[in-house]
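Residue numbers start from 1 in every chain, and the chains themselves are labelled A, B, ... in the order their sequence lines are given, proteins ahead of strands. As the structure is a computational prediction, the values presented were derived from the model and not from experiment.
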Number of protein chains: 2
Amino acid sequence: MTVSTIRSVAKYAGVSIATVSRALARPNAVRPGTREKVLAAVAALDFVPNAQAVQFRRRATRTVILLVRDISNPFYLDIFKGVEEIAFAAGYRVLMGDARNEAARVGHYVEMVRRRQADGLILMTGWLPSPLPKPSALPPIVVALEFIPEADLPTVTIDNQAAAKQAVDHLVGLGHRRIAHLTGPTPEVMSLGRHEGYLSGLAAAGIEPDPDLIVRGDFHLASGRAGVVELLARGVDFTAIFASSDAMAVGAINELRARGQRVPEDVSVVGFDDSIFAEACDPPLTTVRQHRREIGGRAMELMIEILSGRKPQRSSICVDVELVRRGTTKPSLAHPSDAPLPTKEAP
Amino acid sequence: MTVSTIRSVAKYAGVSIATVSRALARPNAVRPGTREKVLAAVAALDFVPNAQAVQFRRRATRTVILLVRDISNPFYLDIFKGVEEIAFAAGYRVLMGDARNEAARVGHYVEMVRRRQADGLILMTGWLPSPLPKPSALPPIVVALEFIPEADLPTVTIDNQAAAKQAVDHLVGLGHRRIAHLTGPTPEVMSLGRHEGYLSGLAAAGIEPDPDLIVRGDFHLASGRAGVVELLARGVDFTAIFASSDAMAVGAINELRARGQRVPEDVSVVGFDDSIFAEACDPPLTTVRQHRREIGGRAMELMIEILSGRKPQRSSICVDVELVRRGTTKPSLAHPSDAPLPTKEAP
DNA sequence: CTGTTAGCGCCTTCAT
DNA sequence: ATGAAGGCGCTAACAG
């Protein structure tokens, strides 16, 4: 590891340190001959500017933190990718933080940027440390995909309700009328939005919602299995399931199969996310795609605008979703009415 | 965002900045009364030390970069988690870098630490920028799970050969003798190790390897499907498949099913990694588990030792793997000999 | 165009 | 136990 400083380069090139600095930062602010000399010295001494000193001087770290709820979720990978691409291109670095589902850790990361370890925070947790610091004490924050009702922060989201409605519309279009919903953890805005979308999809089709068709999950695979177990235990009829996450959809499919039901022949299933599970699923999963790269990218763009002191045009952005029709949905064989399914053994 | 500095705190408390610094860094190097005053001032002014200044002064960033081959791979999530846990506890931060499979980007990250943006680099790519900088120009690097033959760097790995052999031993123990291997991308050390393990597993059982049973893949799902297509096209008999990654195993299973073969009844399948695919698979995948958290943690521990100037006891660590028997393997129905499978339609 | 100079915010001897 | 002072390596006025 080299240790040469700007001073040694200056001496070697026979110029002042200011000239070295300029030759490196704005090459054409310096006479070509001088530039040559400096560059030669830089090469000879294998000089690399000390980034810490530069950033300290400039009062900027050019680093942002992407803080996620739980890093085990592969969902965040593409978000990260979107953030990182934009960040990299703009000369920023991305520090990935894992909140491990603990509010306290969010506080830690907020503290990090207050201490100037980073310039800003892209938040993908639904909470901020409480008591909420007064707005003036909050560092630059952009919220992605989540909602923090208490604070009015710039946000990049999708329209969960419209997205869920699309999924239900698809099912309805296929002739399904007994559609179950595996929801996300329910006090959360995201889960609620998707559930409302489910309800409005039913309403649009003139279908009366049936509380027995609604099962609460937590987005994880196991809760998808459990959801099907519950549905079957209730003895309720259904020809389709809308799951608020792909992982739950896969869990549900596995459980349905274990119970002798075929997908999509007996039951159609739609997921949400278009995550890595969707393509690994057999048949591939029909699902609502979230453009994760784009969401991440947009969030980073917002952050850059904020950090540049420019006031962003829109402080909140809504990214479109897209229904991806694949193999787990097909037309309902049930009568157009609410007639029970052909034959279904109880669990 | 607060802007108070140590100087304002000093003035407020009526002491010198040196005292403030001490009161914060080593509280008992200062008289209790003074400490009180300082702490009160800190609280009143909502002072947080500027981390950039501190680190600049101390010539350390307390940040390490975890650079992965391709961030889209969920495999790295748990590695990150392991790294981050140890790092966090030791007061380090982890910057996640994505090499996007490009050697040039590795160079970029090496450069980052040379510029003192970070103290060290945990490398999970199989390459370093070439031409290789002379060792003296290399920053602190720990290699995890990969191998960089050209350079002699501290490494945390698993014994790929022994691990693969375990998988094959398991299959052999179940009575399988016609075992296919879906390899990883082949010029790479990791893939080669696993293939050697496969071969030695066969050798130990006195089974002659059959080149027709070996298909090259790239660790991804699609190549698992393609591998089965190839195997079937070759018209070769097999009762089991060992795939060098879980993703390939899942792809293979999906393709087998599409061709009317049952898993594990007709064909047993073993994967490698125990990744997120393994549990989502139906039935759950028998696979070789890599303890990713531990691997990450060990790598970070090594890094901390190196950065602390302590010479690590062992510069290379090998983490154990574990065969996880689940639902995709069962005893072979084929004759104990090399007899062809009962009935199998050609593709 | 180039050099001189004054810090950025903090830690750390070195005196007192 | 405390204060004064000197940088860390660099950038950004300000003069020339």
Side-chain angles (χ1 to χ4, degrees), chain A residues 1-42 45-63 91 112-119, chain B residues 1-42 45-62 91 111-119:
Chain A
M1 298 270 291
T2 324
V3 287
S4 65
T5 72
I6 201 174
R7 222 173 302 274
S8 58
V9 174
K11 185 183 299 174
Y12 189 100
V15 298
S16 74
I17 62 170
T19 299
V20 175
S21 177
R22 277 189 286 253
L24 260 26
R26 297 187 310 282
N28 40 351
V30 104
R31 201 193 319 144
T34 317
R35 195 191 317 151
E36 304 289 286
K37 280 193 302 186
V38 172
L39 262 26
V42 165
L45 268 36
D46 196 15
F47 168 73
V48 292
N50 179 323
Q52 280 191 277
V54 174
Q55 293 168 358
F56 169 49
R57 181 58 236 248
R58 293 201 176 130
R59 324 175 135 46
T61 61
R62 300 238 106 196
T63 299
M112 270 180 68
V113 3
R114 292 198 61 216
R115 274 194 309 245
R116 316 223 58 100
Q117 293 259 129
D119 297 343
Chain B
M1 297 272 289
T2 324
V3 286
S4 65
T5 73
I6 200 174
R7 220 173 303 273
S8 59
V9 174
K11 185 182 298 174
Y12 189 101
V15 299
S16 75
I17 64 171
T19 300
V20 176
S21 178
R22 277 189 286 253
L24 261 25
R26 298 187 310 281
N28 40 351
V30 102
R31 200 190 321 140
T34 317
R35 195 191 316 152
E36 303 289 287
K37 282 192 301 184
V38 171
L39 262 27
V42 165
L45 268 35
D46 196 15
F47 169 71
V48 291
N50 179 321
Q52 280 191 278
V54 173
Q55 293 168 357
F56 169 49
R57 179 60 233 255
R58 294 201 177 130
R59 314 173 146 48
T61 62
R62 299 239 105 196
E111 201 52 19
M112 270 179 69
V113 3
R114 291 199 60 215
R115 273 195 308 245
R116 316 223 58 99
Q117 292 260 129
D119 298 342

Any residue meeting side chain to side chain donor-acceptor pair (under 3.5 Å) with B/Ser8, in chain and number order, not counting sequence neighbours:
none
pair B/Val20-B/Val15: side-chain heavy atoms closer than 4.5 Å
yes
note: A/Gln52, atom CD; C/dC10, atom C1'; distance rounded to Å ~ 13 Å
For a quick check, with a 4.0 angstrom heavy-atom cut-off, what is the B/S/- contact string for nucleotides 8-16 of chain D, read 5' to 3'?
BBBBBB---
Does B/Leu39 reach the side chain of B/Leu24, with side-chain heavy atoms less than 4.5 Å apart?
yes
Determine whether A/Asp46 and B/Arg114 make a side-chain contact, defined as any pair of heavy atoms from C-beta on separated by less than 4.5 Å.
yes
Any side-chain heavy-atom pair from A/Lys11 and A/Leu45 closer than 4.5 angstrom?
no
Check whether any side-chain heavy atom of B/Val38 lies under 4.5 Å from a side-chain heavy atom of B/Val30, and answer yes or no.
no
Between D/dA4 and B/Ser16, is there an OP1 or OP2 to side-chain N/O distance shorter than 4.0 Å?
no
Using whole Å, what does the distance between atom P of nucleotide D/dA4 and atom NZ of B/Lys11 come to?
13 Å
Value in whole Å for how far the P atom of C/dC8 lies from CZ of A/Arg116:
15 Å
